[in-house]
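Quick note: numbers below take in every heavy atom, side chains included, and nothing from hydrogens, waters or symmetry partners. What you see is a predicted model; the values in this text were computed from it and never measured.
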Amino acid sequence: MVSSSSEDAACQPATALNEYAYKGHLSISIVSDSDDADTAVGSVFCWLRRSGTLTWSSPSQQELRNLECQLAFADDKDFLNERFFISTPSGQLVTCGTKSEADRDGWLLALQLVLEKRSTVAMAPAAEAWTSLAARQACADAVLAHFRDWHALIQLLAGDPLGLFKETRHWGRLGATDKGRFRDLATYMDGGAVDACALVVGLYQYAQAPFLFVATLAQLALLVEADLPVFARYWPQVLHWGFTHLHRCQSMAMQVFYVAFVAAVSRRSPVLALQAHWECTAARTDGAKTHDFDACFSAALMQLYASYVGQQASAVTTTMTATVLGPTASDHDAMQLLDQHLHAVRALLAQSRYCLFGAWLGAATDADVDASTAAIDAHCDGQYRFLPPFPDAPTPPQESLDDLRGQIIPGEADDLIDCLDDVLAELAAEAAPAPPPVDVFGNTLHLVQSLVVASQNFKRQFTNGKERKRHLPEVLARLASTLPPHACLPLAIGDDVVKRVVATVATEGTVFSTKARAPTLVYFETTMAVDRSRRHGVVVTPTTDADADAGFLIDAFLALDLSRHRRASVPTRSSSRSQPHSDDSAPPSLVADCPMAVKLLEESPGGRLSTVVVDAKESFEHKKRRLQGESAHGSVASVEWWWLTAGAPGWDLVPVIAKSFDDMRQEVFIMQLMHLFCEAFEGTELLLRPYAIMCCGDDCGLMEVLVDADSLSDVKKAHAGLSLVEIFARRYPTSSALTAAQDLFVRSMAAYSLFSYVLQIKDRHNGNVMLHDDGAIMHIDFGFAFGIAPGGRFSFERAPFKLTEEMVGVMGGRESPGFQRYQRLVGDGLIALQEQSHRILALVAMTSKRSPFPCFQNQTVPALLRRLQDRLCVGMTEPDIRVVALRLIDQSCNSLRTRLYDRYQYHSNGYVS
């Protein structure tokens, strides 16, 4: 039954990666049919395919051997519990040896699942639409079957005294390479300057090294305690690891530690729990559409731990069961299974607190969370210090009641019992009824769902924009009447401040009319409060500056993808750094409709731009003061929830846009990159303005709003017949106001020019370029990046970035000091980006792994990374970079293709050029 094929060996990597269900080292011995003698294959690395075939390379690596499996069972005579048998359809018996009982159990479980699925589960055909009932039923059945196996694993771990750390002794058998990498991680963490991006990269770098993977999770736990906003920037990539690796991971213990980490983070931040919930919803939809039910289960498992284990759900509901197990799994048996699992998980986490990391994972109550934070703070002692991931002792201390009886002096036993009785009586007399639990997570889900449904119904029920706006007050009034009492706005994390929604403004807001959707702008009245769980204030702060070791983990992670590009025979343009190309020779890409612009109208705390308002319109600050005076909540000074404490500023007005029928995940990713650009530009004069975006599934989301800003198209419509230079002169009549506006215009133009060039942002018409009242330029709508464009390979936009003659005129003309300053700032920014290129490349590389984003579809990712590396001028000297900057400006200035695209947008969508 053992076969070999040189052709299979040639294509083995692609085949194995696409079809394998499990992998690892096995010592194989096959009993021959002829002489009944054993044929020892030796220790080889094996792949178990979903077809039930075991595959490995011959010792010479010249051919591939296959073994068809029919039955797998353990060797009950092996006292080490490290051996099992496989039988083939022809009756051959294959003896397989592993390194530990855990390895054996993992192989047996994988074989049993694969062989059972092969005979009982029929996958839906690829052409079948996901909307069909049969496809949904097949997905729900597969998720439920996987969940039963997962529940059995958790119950097994929960019954072990060591809990999560059951396999620690097996991971201790490290080779010299892994021991060296573990010491490197400890040295790096004790070095004082830690790069958050490098730690997240470690999850991907150590995806095949369980010991190092769990150690990296422990260091990320330290980052959560030290600076939650910094960790939150990379939360999508932490979740993306689970979507792409969890169901392919060969180590069951790695999977358990990962989902426990997701739950622990979600327990400490309702906003991150909500983000995880929605990201998992989108990932489940992606998996179901492609009939990848293993991926569906991974996302469902992460959703369970983030949304319910992390939020300490007290009771299982039909909604919870349907969310986790599928729409057809809300019966009594499924609910009972989920309830038993939640109890088993709590027991597992509670008995795993034998070290700081275990206590951090197992913290269930507010007191536990506070205690774990204080313990980590004491361990750090004012500086970044390696957090040991495993217990020092191999066995937890255990004491029984019989042991304690011998320690009590007989004569004092009665006094001790009387004292305890008195204390219990006093506590019972003083006990007050417990207040009802505050469900911030559930209330916020309800609020966001209401917003999204309203946006969907505006599109479905009304085709006329005036009709939508006429019905908006009625919808807002209904939203106010059903407003949950403890909902928050989950758009951003910063300074441990949460905005609780107390009312909606029925007299304000609007519905934007676009071709494909109806984004809805709603104004919320909020109060602000401080998260009590973070009040300890860990004194260490992770750094993301040049002092951190830029090469740690990131260089090794990027080396493989970049080296693949050098070996690949992909036709590309010249990558000479002395003459960079203005655009990528992009492969065939998805052709999408040009989205209409949606105005974003707000700024985030701490990032406000100074406002110079000369137009006769109401500024946001004036609107805010007016509505505060009219509001019944305007005098609120602070708010206190059971998990919050008073003392923060009170009433605020927050406008939010709810958008439906649009996948927001790519724009979330682009915003992450914009934050990295902002970090790179610190110390320079360049000015970028990120705004918060939250995906709420695969086709909806929320957006922060940019206040006191209008698109260049709307500005020109309001000043009919005037050029941009004349508009600036009219809006800023004094020389000092005009100089200040031109200063911000130059600084922001330089920053957004580089942002558009490096990330190849397209669709830069005047509806997607905003002008703030203070003169700064801001870009929105990033649906086209990394070479994809509305017109695909036939796109008009070939210039590195948008730089029209009018824009140059606002700076003062080509020979003016303002334009010369712009040229210098573009060079400064490109130099700064080169210094931070490792983080930008790493973030793109992590996100591109099996990504559903349009910007990575039909792209050769290694080639894309190499072109991105070239645009970041990696390896170039500073004088050469400044030459590149001047050449990019020359190629972009008054480009014919830019003018043609603006003209096309004017005739097709009405955007004034």
Side-chain angles (χ1 to χ4, degrees), residues 180-207 209 211-238 241 257-258 261 264-265 268-269 272 355-357 360-361 372-390 493-496 534 536-558 672-673 675-680 682-683 832 835-843 845-846:
R181 291 191 291 180
F182 184 81
R183 287 192 295 267
D184 290 342
L185 178 62
T187 302
Y188 176 71
M189 293 301 299
D190 290 335
V194 175
D195 187 353
C197 183
L199 292 181
V200 178
V201 164
L203 299 182
Y204 293 80
Q205 185 70 11
Y206 299 144
F211 191 90
L212 293 167
F213 178 85
V214 177
T216 304
L217 284 180
Q219 310 321 307
L220 284 171
L222 182 59
L223 178 63
V224 171
E225 293 298 326
D227 198 331
L228 186 62
V230 170
F231 172 82
R233 294 182 192 173
Y234 298 97
W235 183 233
Q237 280 64 46
V238 175
W241 187 96
F257 269 104
Y258 174 79
F261 177 83
V265 173
R268 288 159 174 82
S269 172
L272 293 186
C355 63
L356 282 179
F357 183 47
W360 188 86
L361 290 174
S372 66
T373 300
I376 290 178
D377 188 13
H379 168 78
C380 292
D381 192 24
Q383 57 184 318
Y384 239 103
R385 184 168 295 173
F386 178 73
L387 184 65
F390 304 111
I493 298 177
D495 301 325
D496 301 328
R534 306 292 304 157
H536 285 288
V538 179
V539 294
V540 294
T541 301
T543 61
T544 53
D545 56 20
D547 294 335
D549 184 1
F552 183 73
L553 292 177
I554 294 180
D555 288 346
F557 175 67
L558 293 173
Q672 286 183 279
L673 288 167
H675 280 287
L676 288 184
F677 275 60
C678 290
E679 290 178 5
E682 289 181 2
E835 295 174 353
Q836 298 291 330
S837 61
H838 58 288
R839 291 191 184 94
I840 298 172
L841 288 164
L843 188 63
M846 286 187 288

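Across Leu356 and Ala375, no two heavy atoms sit closer than the pair CD2-CB, 3.4 Å. Annotation for Trp241 and Tyr204: closest pair N-OH, 3.2 Å, computed over non-hydrogen atoms. Heavy-atom minimum distance, Pro389 versus Cys355: O-SG, 3.8 Å. For the residue pair Ala680 and Ala832, the shortest heavy atom distance occurs at O-CB, 3.3 Å. Taking every heavy atom of both residues into account, Ala218 and Leu387 meet most closely at O-CD2, 3.3 Å. Considering every non-hydrogen atom in both Arg233 and Gln237, the closest pair reads O-OE1, 4.0 Å.
Taking CG of Leu199 as the reference point, atom CG of Leu185 lies at 7.5 Å (rounded to 0.5 Å). Taken to the nearest 0.5 Å, the CG atom of Leu217 stands 13.0 Å off from the CG atom of Leu222. Between atom CE of residue Met189 and atom OG1 of residue Thr216 there is a gap of 9.5 Å, rounded to the nearest 0.5 Å. Taking OH of Tyr384 as the start and CG of Asp190 as the end, the distance is 11.5 Å to the nearest 0.5 Å. Between the CG atom of Asp195 and the CD atom of Gln836 there is a distance of 8.0 Å, given to the nearest 0.5 Å. For the atom pair CG of Leu553 and OH of Tyr206, the computed distance is 4.5 Å after rounding to the nearest 0.5 Å.
Between Phe261 and Phe231, the ring planes are perpendicular. Angles over 60° get that label, and only those under 30° would be called parallel.
Shown here are the side-chain contact (heavy atoms from CB on, under 4.5 Å) partners of Asp184, two or more places apart in sequence or in another chain: Phe552. Ser372 pairs by the side chain to side chain donor-acceptor pair (under 3.5 Å) definition with Arg268, not counting sequence neighbours. Judged as a side-chain contact (heavy atoms from CB on, under 4.5 Å), and not counting sequence neighbours, the contacts of Leu676 are Tyr234, Leu673, Glu679, Arg839, Ile840, Leu843. Under the rule for a side chain to side chain donor-acceptor pair (under 3.5 Å), Trp235 has no partner lying at least two apart in sequence or in another chain. Remark: Phe182 engages Phe211, Phe386 in a ring-ring contact (aromatic ring centres under 6.0 Å, His included) (not counting sequence neighbours). Among residues two or more places apart in sequence or in another chain, the side chain to side chain donor-acceptor pair (under 3.5 Å) test is passed with Gln219 by none. Under the rule for a side-chain contact (heavy atoms from CB on, under 4.5 Å), the partners of Ala845 that lie at least two apart in sequence or sit in another chain are Phe557, Leu558, Asp561, Leu865.
Two residues are said to be in side-chain contact when any heavy atoms from C-beta on lie closer than 4.5 Å; Pro388 and His379 meet this criterion.
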